[in-house]
Amino acid sequence: MAYKALDIAKKLIFKAQNDEPNGGERLTNLKLQKLLYYQQGFHLAFFGTPLFAEDVEAWMYGPVVPAVYDEYSAYGSSALPEVKEPVSLSEDEEELFSEVYDAYREFSAIGLMNRTHSERPWLDAVPHDRGTVITQESMMAYFKTQIQ
């Protein structure tokens, strides 16, 4: 079942703010966008279906989900507001969500941006501008190669 991207974004914000080993980090919009991309990519690779329905686009600073970006754009590079109750996923989805979060949580927003700039889904989606969709097929193919 595909969720709303904004619900998955709020789940990431909640996870970060309650992440004691990582200091309860408050996400910025830039880091949130990259984490959404990785969540979507690995969900596609593992389950063959999208985690959320909205497209991921290839913008200059890396992958972006426009609806989520627009929701939080007023915060600029500041921390996003806290979330009280995140959406619940299926047991298997929750497990994967946590694994992907744990794999990428310690990277900075710029570190994640740099990673995405070296990966095929973003590289192949040109031009790098609003409206250029990173296809689910390209994400699925790439992230299948990243499963260990």
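Positions are given from 1 along the sequence.
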Checklist entry - V68 and Q33: side-chain contact (heavy atoms from CB on, under 4.5 Å), yes or no, with the steps? => result CA-CA 8 Å; V68 175; Q33 296 300 323; 3.6 Å; yes

Checklist entry - side-chain contact (heavy atoms from CB on, under 4.5 Å) between I13 and Y72: does it pass, once the steps are laid out? => result CA-CA 12 Å; I13 294 166; Y72 293 116; 3.5 Å; yes

Checklist entry - Between H128 and W122, does a ring-ring contact (aromatic ring centres under 6.0 Å, His included) hold up when you go through it step by step? => result CA-CA 8 Å; H128 298 133; W122 184 84; 3.5 Å; yes

Item to check | Criterion side-chain contact (heavy atoms from CB on, under 4.5 Å) on V87 and L89, from CA distance to verdict | outcome: CA-CA 7 Å; V87 67; L89 309 177; 4.3 Å; yes

Next on the checklist: Please evaluate residues L12 and L36 with respect to the criterion side-chain contact (heavy atoms from CB on, under 4.5 Å), reporting the C-alpha separation (whole Å), side-chain torsions for both, the decisive distance (0.1 Å), and the verdict.
Outcome noted: CA-CA 8 Å; L12 283 163; L36 283 168; 3.7 Å; yes

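Distance check: Q17 CD to L80 CG gives 10.0 Å after rounding to the nearest 0.5 Å. The CG atom of L27 sits 12.0 Å away from the CZ atom of R105 when rounded to the nearest 0.5 Å. Atom CG of D129 is separated from atom CE of M60 by 8.5 Å, given to the nearest 0.5 angstrom. Interatomic distance, CG of L35 versus CG of L30, reported as 10.0 Å (0.5 Å rounding). Going from atom CD of E106 over to atom OH of Y101 covers 9.0 Å, rounded to the nearest 0.5 Å. Note that the OG1 atom of T132 and the CG atom of D55 stand 11.0 Å from one another [nearest 0.5 Å].
Across all their heavy atoms, I134 and P121 have their closest contact at CG2-CB, 3.6 Å. Pairing each heavy atom of S77 with each of T28, the nearest pair is O-CG2, 3.3 Å. Of all heavy-atom pairs between T116 and G62, the closest is OG1-CA, 3.8 Å.
No side-chain donor from either of S88 and K11 sits under 3.5 Å from a side-chain acceptor of the other. For the 3.5 Å distance criterion, the side chains of E119 and Y38 qualify, holding a donor opposite an acceptor.
Between P66 and R130 the shortest side-chain heavy-atom distance falls below 4.5 Å. Taking 4.5 Å as the limit, some side-chain heavy atom of K34 sits within range of a side-chain heavy atom of P63.
A salt bridge is absent between E71 and K10: the closest approach of a Lys/Arg side-chain nitrogen to an acidic carboxylate oxygen does not fall below 4.0 angstrom. Under the 4.0 Å criterion applied to side-chain N and carboxylate O atoms, D19 and R26 are not assigned as salt-bridge partners.
Cluster membership for V65 and L32, using ILVMFWY side-chain heavy atoms within less than 4.5 angstrom, is shared. No single ILVMFWY cluster, assembled from side-chain heavy atoms under 4.5 Å apart, contains both F107 and M113.
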Which atom pairs, donor and acceptor, lie under 3.5 Å between side-chain atoms of residues 39-52 and protein residues at least two apart or in another chain?
unit_1: Q39; atom_1: NE2; unit_2: F97; atom_2: O; d: 3.0
unit_1: Q40; atom_1: OE1; unit_2: L51; atom_2: N; d: 2.7
unit_1: Q40; atom_1: OE1; unit_2: F52; atom_2: N; d: 3.3
unit_1: Q40; atom_1: NE2; unit_2: F52; atom_2: O; d: 2.9
unit_1: H43; atom_1: ND1; unit_2: T49; atom_2: O; d: 2.7
unit_1: H43; atom_1: ND1; unit_2: L51; atom_2: N; d: 3.4
unit_1: H43; atom_1: NE2; unit_2: E93; atom_2: OE2; d: 3.0

Using atom types as modelled, flag every donor-acceptor pair under 3.5 Å from a side chain in residues 136-143 to any protein atom, sequence neighbours excluded.
unit_1: S138; atom_1: OG; unit_2: T135; atom_2: O; d: 2.9
unit_1: S138; atom_1: OG; unit_2: T135; atom_2: OG1; d: 3.1

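Residue Y61 places its OH atom among 12 or fewer non-hydrogen atoms of other residues, nucleotides or ligands, all under 6.0 Å distant. Residue-environment remark: OH (Y3) exceeds the threshold of 12 foreign heavy atoms within 6.0 Å.
With E57 contributing its side chain and G131 its backbone, the two residues share a donor-acceptor pair below 3.5 Å.
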